[in-house]
Amino acid sequence: AAFEPKIITREERIAALKKKVKGNGRSALVRVEERELGRQANDPAAQTEIEKILLELGFAIGGPSADTPDLSILGEAFSEPGAQRGQLVSTRGRVELRVIDASGKLLAADSYTATAVDIAEATAGKRALEEAALVLIERIAPKLSD
C-alpha cells in the first residue's frame, strides 16, 4: 500500500480548483474544435468538459452570439487510436488551449496529451480528451482568477 499512488477523484480535483478560482459570474466563451482521426467526431468532449468545470467554478458560459466575454478559451483537440490488446483499445487525446481576456490579451497557452483505455475506441477517445481538458484547466487555473 505504501507504494501505491493515491487516486485523486474528479470531485477532489474540482474542490481544489474551487479554492484557487472563483468565477463570480464572469462570462466565458469556450470554443474547442475537435476531431477524431480516422472518423468524424460527433460531440465536443473537450469543450463540454471545460464548460462543465467553468460552470462548477461559478463562470457564466456564453454562446456564439454573446457580447465580448470576460474570458475566451479557444483551442483544438484530436484523438486517435493507439494499441489494442484483446478487446481493449487505448486512445491518445491531445488538447491545446489559449485563454484570452476581453481586451485581447493572451493570458495562457498550454497543451496536454492524455491516454484512455476502453472496449470502444470512440469512448476511449472522448475520455482521453476529457482528462486532457481537466488537466489543462488545473494548470491554467491561476490565470482564470480575478
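Hydrogens, waters and symmetry mates are skipped; everything else that's a heavy atom, side chains included, is used.
- The hydrophobic cluster containing L106, built from Ile/Leu/Val/Met/Phe/Trp/Tyr side-chain heavy atoms closer than 4.5 Å, also comprises L74, I100.
- Taking hydrophobic clusters as Ile, Leu, Val, Met, Phe, Trp and Tyr residues chained together by side-chain heavy-atom distances below 4.5 Å, V117 shares a cluster with I119.
- Counting all heavy atoms, side chain and backbone alike, S27 lies closest to P69 at OG-CA, 3.2 Å.
- Taken from CD in E34 to OG in S79, the straight-line distance is 6.5 Å, to the nearest 0.5 Å.
- Counting all heavy atoms, side chain and backbone alike, I140 lies closest to A108 at CG2-CB, 4.0 Å.
- Around CD of E33, the count of heavy atoms belonging to other residues, nucleotides or ligands within 6.0 Å does not exceed 12.
- Smallest separation of non-hydrogen atoms from A132 and G93: CB-O, 4.2 Å.
- The minimum heavy-atom distance between G62 and R31, with the atom names listed, is O-NH2, 4.3 Å.
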(message) Run T91 and E80 through side-chain contact (heavy atoms from CB on, under 4.5 Å) and show every step you take.
(response) CA-CA 6 Å; T91 303; E80 62 183 333; 5.7 Å; no
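- Once rounded to the nearest 0.5 Å, the distance linking OG1 of T9 with CD1 of I14 reads 9.5 Å.
- Checking each of L136, L55, L97, L134 against I50 for a side-chain contact (heavy atoms from CB on, under 4.5 Å) leaves exactly one that passes, namely L97.
- Nearest heavy-atom pair across F59 and A28 is CD2-CB, 4.3 Å.
- By the neighbour-count criterion of 12 heavy atoms within 6.0 Å, atom CD of E56 is densely surrounded, having more than that number from other residues, nucleotides or ligands.
- The line from CG of L29 to CD of E51 is 8.5 Å long, rounded to the nearest 0.5 Å.
- Note that the CG atom of D70 and the CG atom of L144 stand 11.5 Å from one another [nearest 0.5 Å].
- Atom CD1 of residue I73 and atom NZ of residue K143 lie 13.5 Å apart, to the nearest 0.5 angstrom.
- One finds the CZ atom of R94 at 11.5 Å from the CG atom of L129 (value rounded to the nearest 0.5 Å).
- A donor-acceptor distance shorter than 3.5 angstrom exists from the side chain of Q84 to the backbone of G86, with no hydrogens or angles considered.
- Between V135 and R13, the closest side-chain pair of non-hydrogen atoms falls below 4.5 Å.
- Within the structure, the salt bridge (charged side-chain N to carboxylate O under 4.0 Å, His left out) test picks out the following pairs touching residues 101-120 (sequence neighbours left out): D110-R139, D118-R127.
- L71 is not listed as a side-chain neighbour of L54, based on a closest heavy-atom distance of 4.5 Å or more.
- Salt bridge R10/E130: absent, no basic N to carboxylate O contact under 4.0 Å.
- Between A77 and V32, the shortest heavy-atom contact is CB-CG1, 3.9 Å.
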